[in-house]
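Below, chain A is the first sequence line, B the second, and so on; all start at residue 1.
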Amino acid sequence: MGESPNLLTVTDADFEQQILGSDAPVLVDFWAAWCGPCRAVAPVVEELADEYAGRVKIAKLNVENNKQTPTKYGVRSIPTLMLFKDGQVVDRIVGTVPKGRIKELLDKVG
Amino acid sequence: MDTDLIILGGGPAGLAAGMYAARARVRTILLEKGAAGGQMNSTEVVENYPGFVDPIYGAELSQRMESHARKFNLQILYEEVSGVRHAGQGFSVETESGETHRCKALILATGCQPARLGIPGEIELAGKGVSYCAVCDGPFYSDVEVAVIGGGDSAVEEAVYLTRFASKVHIVHRRDEFRAVKEIQEKAFAEPKIQMHLSEVPVQVKGTAEVQGLRLRSVKDGSESELPIAGVFFFVGLRPNTKPFKGLVKTDSAGFVLTDENMCCSVPGVFAAGDVRAKTLRQIATAVGDGALAAYSAQHYVERDR
């Protein structure tokens, strides 16, 4: 299964520009290869990227290669899904949750 | 009827059941909400699954079991189940995406998730220093002190794992001895970075934006103390994942599904396997055995009228 073109990959270097400077709200999936539950969330996040295209930006950030951003936002568990609007954190979900719960969050802002 | 058998859950129990059912040519659909493998994905290495002399990664064993089931053409759908109900002579299974699948028989193999202890600060600081998965979150705790709560296999094993990152790992256990198998205990006792706090219970996770400490109380004399830790990992038991089929079959008082020795539940046509069952030992080896047996029982159930 190829990765959705609607799913953005962000890094420490472009986090400010892509996420904090985004006009649209953004959901960021903090993940790492060593994390099994992250693999469970990944396909859901990808589906959401397609479903919310044009309304909410969906991005992922690998915490193994990008340590500054998770430290800055106090991410100590993965998967963590963090919702940003106008450069501010408006909500976060920790761990694997049903897709419907993530959609509730996105529908509030998008 | 859409299919003969639906298996809920793709951990070792569900995948073994799926493989056996597929080989028996029972028309089967397995529904998995996340990644195949279940709790195996949260385990770094598996050291006690027979045949794997060199420890195998939990994630790799998950992939192998999934491939093995698929080899016999098991149909696996990645969907979260939202509800299960009786429908005519069989059952209907609804998914989050709004689809309904009908079947003659069901195998409940939905597993468990880590239990919450329910102390102040635990929920508030989840993801901010409170964790239930050492493999996922261990790397966030380089050169700081952490605590592990519990005295079973998971607690003691994960404490040993966390010594790779943390400067010190405190194990807090309410009893005066561990329940973990001796081999795991020996590793923990030999590890200089581990400090044991026996006969102590955590009463509060401290911190506002992130975890800064853990308040302990002695079971023996009620005295309190505080550990200056940045992370706390809870391994205090399991709670069964039974929400989508609540009320369908009989469970014990903790919510674990009751079965007979052939994995039959209180309702004809419903079978259960793995950690979600009321049983004494929750291991990959026992889950796989349950799965095989549940598939065999389900096969006889769906073929009974032929």
* Per-residue contact mode, Val41(A) against chain B (heavy atom under 4.5 angstrom) -> neither
Listing needed: what donor-acceptor pairs below 3.5 Å join chain B with chain A?
unit_1    : atom_1 : unit_2    : atom_2 : d
Asn41(B)  : OD1    : Arg39(A)  : NH2    : 3.3
Glu96(B)  : OE1    : Gly100(A) : N      : 3.3
Gly127(B) : O      : Arg76(A)  : N      : 3.2
Val135(B) : O      : Trp34(A)  : NE1    : 3.4
Cys136(B) : O      : Trp34(A)  : NE1    : 2.7
Asp137(B) : OD1    : Ile78(A)  : N      : 2.8
Asp137(B) : OD2    : Ser77(A)  : OG     : 2.7
Glu210(B) : OE1    : Arg76(A)  : NH2    : 3.4
Glu210(B) : OE2    : Arg76(A)  : NH2    : 3.4
Ala230(B) : O      : Arg76(A)  : NH1    : 2.8

* Which one, Gly34(B), Ala230(B), Gly127(B), Gly38(B), leads in non-hydrogen pairs under 4.5 Å with chain A? -> Gly127(B)
* Asked: Which heavy-atom pair separates Ala40(A) from Ala35(B) by the least distance, and what is that distance?
  -> CB-N, 3.5 Å
* Under a 4.5 Å heavy-atom cut-off, does chain A meet the side chain of Ala209(B), its backbone, both or neither? -> neither
* Asked: Do you know the tightest heavy-atom contact between Val63(A) and Phe140(B)?
  -> CG2-CZ, 3.9 Å
